[in-house]
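What follows is one structure encoded as structure tokens, with my remarks underneath.
Within every chain, numbering begins at 1; the chains are lettered A, B, ... in the order of the sequence lines, protein sequences first and strands thereafter.
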Amino acid sequence: MPELPEVETVRRSFVRARLQGPVTAVWRSAKALRTGNAWNQENLQALEGARPGKLQRRGKFLVWRFDTDAGTLGWLVHLGMSGRFVIARPDTQREPHTHVVVSFEDGREARFVDPRRFGGMRVAPIEQLFAEPPLSDLGPEPLARGFDMACLERAAGKSKRALRDVLLDQRVVAGVGNIYANEALFEARLHPLLPAYRLSESAWLRLADAVVSVLTRGLSNGGTTLRDYRDGNGRAGRNQDALNVYGRAGESCHDCSAVIVGFTLGGRGGAFCPEHQRRSRARRVP
DNA sequence: CAAGAATCCTGAATGC
DNA sequence: TGCATTCAGGATTCTT
């Protein structure tokens with residue numbers, strides 16, 4: 001599932017590819033993406049004739065600027081669970097579940113492939129795109145200057161919610177998903193089910209540092225590929241080998257050899273080390 | 001207001 | 001072997 005490091009890796013591969021405009025054609029499959037999502041108004045035909053500009057990322061969203069005679073448009077793309085955004089030659093076979101193809105004058109095309117169709121997209125004037133949900137609801141960028149423990153504490157310091165769910169809330173911090181939430185909690189030595197209001201100042205500091213640290217490592221490893229994720233050139237990431245807890249329930253902890261414990265909360269799985277991530281400071285009596 | 005459940009979807013994994 | 005069932009999960013919307 002693409003989270004901040006994966007989406008940023010995709011962004012970088014598109015920036016390196018430097019697709020040259022203008023857009024010559026837009027193709028859309030017959031199947032809808034994520035119905036029941038108010039912002040998912042595709043309006044893709046507005047991109048025809050537009051010239052590609054800066055490609056940005058906000059949380060797990062890509063925002064690609066396109067210049068037209070009538071002003072600047074933004075193409076908002078979310079990869080959902082199984083989405084891929086790839087650069088391809090027109091004469092190569094389209095993967096199954098290809099739902100959007102945008103062709104550029106230089107002969108290449110951008111393809112959006114999403115088997116589960118949990119992804120979404122929208123084209124709108126750029127100011128409007130940033131002013132409305134989902135972008136307007138996002139919390140701070142964890143890898144930007146200014147992100148620190150105060151951001152987390154302000155947003156969730158009084159919440160009774162479990163830490164794992166606080167980290168998944170895009171209003172608290174943008175771009176963290178289930179993999180990196182669990183990894184950050186391991187790194188910070190905090191139990192994923194601990195209510196947020198119980199954290200001490202030092203624990204908030206550890207957590208903020210851990211979020212930055214696991215995202216940075218994920219990014220330098222080119223993202224985590226558990227199943228579907230690929231970068232813009234179709235390549236898998238390498239961060240799956242660096243995971244400490246996510247997907248490792250029943251295996252032993254890399255640091256202490258305790259057996260990693262799996263759990264489910266709100267329909268979403270997670271995992272933690274029972275030795276490193278205790279609910280309280282009290283040590284268990286052997 | 002907050003927290004939990006339901007919703008969307010398909011392929012992989014499991015069950016019989 | 002083959003068919004049916006279960007499950008996973010991001011973000012939103014609906015309930016409680």
Side-chain angles (χ1 to χ4, degrees), chain A residues 1-8 10 28-42 57-63 76-85 94-100 112-122 129 132-139 141-142 152 154-185 192-198 211 215 218 223-230 236 240 243 245-250 262-271:
Chain A
M1 32 232 93
E3 305 178 26
L4 189 154
E6 290 75 37
V7 177
E8 178 63 19
V10 170
R28 184 66 181 77
S29 79
K31 288 189 172 179
L33 299 172
R34 202 154 52 185
T35 53
N37 207 339
W39 55 265
N40 190 20
Q41 304 151 7
E42 297 180 12
R57 180 193 53 74
R58 181 76 174 92
K60 301 174 193 174
F61 293 88
L62 290 169
V63 183
L76 182 73
V77 178
H78 193 292
L79 300 177
M81 292 291 306
S82 57
R84 294 186 194 177
F85 198 44
R94 289 179 185 177
E95 292 178 75
H97 308 290
T98 298
H99 295 301
V100 171
F112 181 81
V113 183
D114 188 4
R116 271 169 258 186
R117 310 209 316 269
F118 271 34
M121 59 179 63
R122 178 184 184 189
L129 209 52
E132 295 178 0
L135 295 185
S136 61
D137 288 341
L138 293 177
E141 281 294 321
L152 295 180
R154 206 180 305 128
K158 292 178 177 159
S159 173
K160 293 176 183 169
R161 303 170 74 194
L163 287 175
R164 200 285 308 261
D165 284 354
V166 165
L167 291 179
L168 289 182
D169 188 339
Q170 301 299 297
R171 295 168 300 185
V172 174
V173 54
V176 177
N178 207 16
I179 297 173
Y180 295 100
N182 281 278
E183 293 299 310
L185 287 163
L193 303 181
L194 190 69
Y197 73 90
R198 294 194 34 204
V211 166
L215 293 176
T224 302
T225 297
L226 293 178
R227 186 184 302 178
D228 296 303
Y229 164 71
R230 298 290 185 280
Q240 55 278 13
L243 300 181
V245 287
Y246 187 85
R248 299 194 65 244
F263 68 93
T264 300
L265 178 64
R268 253 160 255 166

Using a 4.5 Å cut-off on heavy atoms from C-beta on, say whether the side chain of His78(A) contacts that of Met121(A). no

Stacking between Phe118(A) and dG9(C), defined as ring centres under 5.5 angstrom apart with planes under 30°, is that present or not? yes

Asp169(A) CG to dA11(C) P: how many Å, rounded? 10 Å

Expressed as a whole number of angstroms, how long is the span from Phe263(A):CZ to dA8(C):P? 12 Å

Between dA11(C) (C1') and Leu33(A) (CG): distance, integer Å: 14 Å

Does a nitrogen or oxygen in the side chain of Arg117(A) sit under 4.0 Å from OP1 or OP2 of dT10(B)? yes

Just checking Arg94(A): does its CZ atom have more than 12 heavy atoms from other residues, nucleotides or ligands closer to it than 6.0 angstrom? yes

Under 4.0 Å between a side-chain N or O of Gln170(A) and OP1 or OP2 of dG10(C)? no

Heavy-atom closest pair (Asp228(A) atom, Ser82(A) atom, distance to 0.1 Å) is OD2-CB, 3.5 Å

Should His97(A) and Lys31(A) count as side-chain neighbours, where that means a heavy-atom distance under 4.5 Å? no

Quickly work out the Leu168(A) CG to dA3(B) P distance and round it to whole Å. 14 Å

Pairwise 5' ranking along DNA chain C for Tyr246(A) and Asp137(A), keeping only the more 5' one: Tyr246(A)

Given the options Leu167(A), Leu4(A), Leu152(A), Pro142(A) meets side chain to side chain contact (heavy atoms under 4.5 Å, CB included) only with Leu4(A)

Select base, sugar-phosphate, or nothing to describe what Pro133(A) touches, counting heavy atoms under 4.0 Å on all strands. nothing

May I have the distance from Met81(A) (atom CE) to dA12(B) (atom P), rounded to whole angstrom? 14 Å

Starting at atom NE2 of His78(A), determine the distance to atom C1' of dG10(C), rounded to an integer number of angstrom. 6 Å

Contact class for Gly269(A) vs. all strands (heavy atom < 4.0 Å): base, sugar-phosphate, or nothing? sugar-phosphate

Any side-chain N or O of Arg161(A) less than 4.0 Å from the OP1 or OP2 oxygen of dA2(B)? no

Is there a side-chain contact between Lys31(A) and the phosphate of dT10(B), meaning an N or O under 4.0 Å from OP1 or OP2? yes

Distance check needed: dG10(C) P versus Glu6(A) CD, whole Å only. 11 Å

Send over the distance from Tyr180(A) OH to dG10(C) P, rounded to a whole Å. 13 Å

Counting only side-chain N and O atoms of His97(A), is one of them less than 4.0 Å from OP1 or OP2 of dT10(B)? no

Hey, is the side chain of Lys60(A) poking within less than 4.0 Å of OP1 or OP2 on dA11(C), counting only N and O atoms? yes

Among dG10(C), dA3(B), dT10(B), which nucleotide has an atom closest to any side-chain atom of Ser159(A)? dA3(B)

